[in-house]
Amino acid sequence: MDKAKVAEILEEIGTLLDLKGENPFKVRAYHNAARLIGGLQQDLGALVETGQLRELKGIGEALSEKITELWKTDRLKYHDDLKASLPSGLVEMIAIPGFGPKRAQVVHKKLKADSIEKLEAACKDGRIAQLEGFGEKSQENILQGIEQLRRFAGRHHYHKALAAALGILESLREHPAAIRCEYAGSLRRCRETVGDVDFLVSAKEKDAPALIERFVRLPGVISINAKGETKSSVVLDGGIQADLRVVSDAQFPFALAYFTGSKEHNIALRVRALARGLSLNEYGFSKAGKDKDEKGARDTGSVIQCRTEEDIHEAMELDYIPPELREEMGEIEAAEKGKLPKLIEKENLRGTFHCHSTWTDGAETIGSMAVAAQELGLDYLGMADHSKSEFQARGLKDDQIPGYIAETRKLDRKFRKLGLRIFAGIEVDILENGSLDYSDKILAQFDYCIAAVHRGFTMDEMTMTARIVKALANPHVTMLAHPTGRLLLSREAYAVDMRAVIEACAKHGVIIELNSHPWRLDMDWRWWKFAKERGVKCAINPDAHGTPDFQSLAIGVGIARKGWLTRDDVINCLPADKVEAVLKARRK
DNA sequence: GCCGTTTTCGGCCCGACTGTTTTCAGTCG
């Protein structure tokens, strides 16, 4: 059993315990463990065998035994028993917005409703409204929630959420009552996918209702889930949920930190505050241990004044932690010791690789791609059109290669005078047997080669891993394109052991592409952190099929920052003369 | 379930909104 499956089962146990009304802290222990195991970089098998599981913070005796049983026998009796004791439909039910474990328990007990369909039927014939603690309004909301769940299941791509957020942010900033405006949540943390978008505005208390009103009336709002004095929640066209909070300007940095999350990072920060005799919430610091009826930071103001998030971190004796790192993945410990990396900035990018042209399936000529790169202020542009097996993309046949390279060289000479270098590369297919789509003799003519899997996605993980690892051994391979194939939110996907692939890149000195194209965002930031630790370099590539795709470089920088990458880890931060040497290093 | 700079037992982060109540539980983030 792999660790993703172990994590999934632990997560499900947490949910089932929640449904049973178990101790919420026990529930949390399972959810935490699921997150911990799912994000583990070490080999889970090794931890199990050597009995080191218990050294992980959050894994005690009980969880350690259960994980070991899962790993060794592929099953867990505790999980099986738990599952057998509850109808599976209840788990699906609590995905309905506003409908949680307690209410699922009630409808199951009183109405024998054990599926979304039965719950829906009970709403439609009015039985839900009769239940104690429910009413007409609840019944209606459940129906709406079911509809929303069916229409807009799942998460949204970062770029799509960002586009929606920027429009809303602009409208909010235009409001005269708004002092400071920002988006927060997973979008600010640059997660590859985003569940909902959180907005935060600071304003005078009397202006809050007007801002809430502006928010719920924005074009693109298709329904309003909640609307209070300081908080509102809506659904945007396209199904993205957007939340707004209005706070005073003094509260703004605390609220921004709070709503940026992650939840786990926030909890860790609060625990740290408590250890310093402080209680931290979205309004400020207050003295810990106060009586219930004593006023908190919301009413009395923060006992430590903070103008920015930097001030808050300083008050906790931490270096400033950028939003991208706030995942409770070691950032607090690093900030405490002053060991946070100086993350890559968008301005650090000097050029990029992996661009397509009209030679294959790109929309523009190499010349117009070069002009756009120049306008972006880049120092170099790396072309990488498709290889011959990509016949649907008009991949370059052997006899086209001299022409392709000649045109690239000619444009290079022309643009070099204008301050832009153009490199002749190729995106070469990794065939099903792990060999490459061209002979070594042809590959040797390019400045660099990006190896990529484009077909045969259905092979098993071991075979796929062996296929890629074999290709990486070819000394002409400079980079590995879109490495996991786990194209997020897409049906295209293949199973691969990312750990083995990263180790192979480390061994052969292959650079891994951080593919910033919205549809190809694939490698989780935790793997980037691992790649960095293994000394593997990264190239942030737009996989551009036209000049608008260059915009996605900003997304790539965001993911790189999440992976704790610095300028030293990203080869396109190098100037043109140095990068050429890096591209050729393997062949020497 | 986990955990310990006071703890091996008794804690475990904190607040807004909704719908149902008439003081609060459930849900969410």
Side-chain angles (χ1 to χ4, degrees), chain A residues 10 13-14 16-18 20-34 36 53-67 78 93-107 128-142 144-145 184-186 195-200 208 212 224-233 241-247 251 254-255 257-286 288-290 292 296-299 328:
Chain A
L10 293 173
I13 292 173
L16 289 166
L17 291 172
D18 205 4
K20 293 206 120 183
E22 260 285 3
N23 174 358
F25 296 102
K26 183 167 165 179
V27 171
R28 203 170 87 186
Y30 276 94
H31 286 309
N32 281 343
L36 182 70
L53 262 181
R54 289 209 54 180
E55 288 171 22
L56 299 172
K57 193 163 176 277
I59 305 293
E61 197 181 335
L63 272 164
S64 163
E65 276 172 16
K66 291 191 172 82
I67 293 167
Y78 182 68
M93 250 187 229
I94 60 170
I96 299 169
F99 193 85
K102 297 288 187 298
R103 306 192 118 195
Q105 263 181 306
V106 173
V107 300
I128 294 293
Q130 311 285 311
L131 291 172
E132 195 183 333
F134 289 72
E136 290 288 339
K137 189 72 185 150
S138 298
Q139 184 167 277
E140 197 182 307
N141 286 344
I142 292 168
Q144 269 187 20
S186 53
D196 61 8
V197 186
D198 303 291
F199 295 93
L200 188 67
I212 296 278
I224 302 170
N225 288 345
K227 186 182 155 195
E229 284 177 17
T230 63
K231 180 178 168 179
S232 173
S233 175
Q241 184 177 316
D243 298 338
L244 171 70
R245 287 289 283 253
V246 184
V247 297
Q251 293 163 347
F254 294 101
Y258 179 82
F259 289 107
T260 297
S262 65
K263 189 176 163 191
E264 292 79 12
H265 170 90
N266 284 349
I267 290 173
L269 270 192
R270 287 182 159 169
V271 169
R272 187 178 176 86
L274 282 175
R276 285 163 177 70
L278 294 165
S279 174
L280 175 65
N281 64 18
E282 63 258 57
Y283 303 114
F285 286 114
S286 55
K290 62 181 159 43
K292 251 195 170 171
R298 180 173 187 187
D299 301 306
E328 177 60 348

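Keep in mind the model is a prediction, meaning the values are calculated, not measured. Every chain is numbered from 1 and lettered A, B, ... according to where its sequence line falls, protein lines coming before strand lines.
The side-chain heavy atoms of Val106(A) and Phe134(A), taken from C-beta on, include a pair separated by under 4.5 Å. You'll find the side chain of Leu10(A) stays beyond 4.5 Å of the side chain of Leu36(A), heavy atoms only.
When heavy atoms are screened at a 4.0 angstrom cut-off, Asn266(A) is found touching no nucleic acid atom at all. Across all strands, Glu22(A) comes closer than 4.0 Å to no nucleic acid atom at all (heavy-atom distances). Among the heavy atoms of the strands lying under 4.0 Å from Ile59(A) are primed sugar atoms or P, OP1, OP2 only; no base atom is included. Contacts of Pro24(A) with the nucleic acid, taken as non-hydrogen atoms under 4.0 Å apart, are absent. Residue Leu17(A) is classed as having no contact, given no heavy-atom separation below 4.0 Å to the nucleic acid. At the heavy-atom level, Glu229(A) lies under 4.0 Å from the strands shown only through sugar-phosphate atoms. At the heavy-atom level, Arg28(A) lies under 4.0 Å from base atoms of the strands shown. Within the nucleic acid shown, Asp196(A) comes within 4.0 Å of sugar-phosphate atoms alone, with no base atom in reach, counting heavy atoms only. At a threshold of 4.0 angstrom between heavy atoms, the contacts of Glu140(A) with the nucleic acid are absent. Heavy atoms of Leu278(A) sit nowhere under 4.0 angstrom from any nucleic acid atom. Using a 4.0 Å heavy-atom distance criterion, Tyr78(A) is classed as a sugar-phosphate-only contact.
Only the P atoms considered, dT6(B) is 23 Å distant from dC2(B), to the nearest whole Å. Comparing dC3(B) with dC13(B), their P atoms are spaced 14 Å from each other, to the whole Å. Across dT5(B) and dA16(B), the matching P atoms stand 32 Å from one another, rounded to whole Å. Using C1' as the reference atom, dT23(B) and dG29(B) are 24 Å apart when rounded to the nearest Å. Taking the P atom of each, dT27(B) and dT21(B) are spaced 16 Å apart, rounded to whole Å. When the C1' atom is used for both dT20(B) and dA25(B), the distance is 9 Å, rounded to whole Å.
Not a single donor-acceptor pair, N or O on each side, falls under 3.5 Å between the base of dG15(B) and the side chain of Tyr258(A). The base of dG15(B) does not come close enough to the side chain of Asn281(A) for any donor and acceptor atom to sit less than 3.5 Å apart.
Along DNA chain B, the nucleotide nearest Tyr30(A) and the nucleotide nearest Leu280(A) are compared for position; the residue whose nucleotide lies closer to the 5' end is Tyr30(A). Comparing Lys57(A) and Ala226(A) by the nucleotide of DNA chain B whose heavy atom lies nearest to each, the residue mapping closer to the 5' end is Lys57(A).
Regarding Asn225(A), its CG atom lies at a distance of 10 Å from the P atom of dT18(B), rounded to whole Å. For the pair Leu274(A) CG and dT5(B) C1', the computed distance is 15 Å after rounding to whole Å. As rounded to whole Å, 11 Å separates atom P of dC14(B) from atom CD of Glu282(A). One can place NZ of Lys231(A) at 10 Å from C1' of dT18(B), the figure rounded to the nearest angstrom. For the pair Leu269(A) CG and dC13(B) P, the interatomic distance rounds to 13 Å; values are reported in whole Å. Atom CD in Glu132(A) sits roughly 11 Å away from atom P in dG26(B) (whole-Å rounding). Here dT18(B) presents its P atom at 20 Å from CD1 of Ile96(A), a figure rounded to the nearest Å.
Annotation: Lys263(A), atom NZ; neighbour count of heavy atoms from other residues, nucleotides and ligands within 6.0 Å does not exceed 12.
Ile94(A) and Ala104(A) get closest at one heavy-atom pair: CG2-CB, 3.9 Å. The two residues Asp198(A) and Gly185(A) make their nearest non-hydrogen contact at OD2-CA, 3.4 Å.
Between Ser233(A) and dC28(B) there is no side-chain polar atom (N or O) within less than 4.0 angstrom of OP1 or OP2. Considering only side-chain N and O atoms, Lys26(A) lies under 4.0 angstrom from the phosphate OP1 or OP2 of dG1(B). The side chain of Ser232(A) contributes no N or O atom lying less than 4.0 Å from OP1 or OP2 of dC17(B). In this structure, Lys66(A) reaches the dG1(B) phosphate: one of its side-chain N or O atoms is under 4.0 Å from OP1 or OP2.
Tyr283(A) and Tyr258(A) have their aromatic ring centers separated by at least 6.0 angstrom.
The backbone N or O of Asp196(A) sits nowhere less than 3.5 Å from a side-chain atom of Gln241(A) that would complete a donor-acceptor pair.
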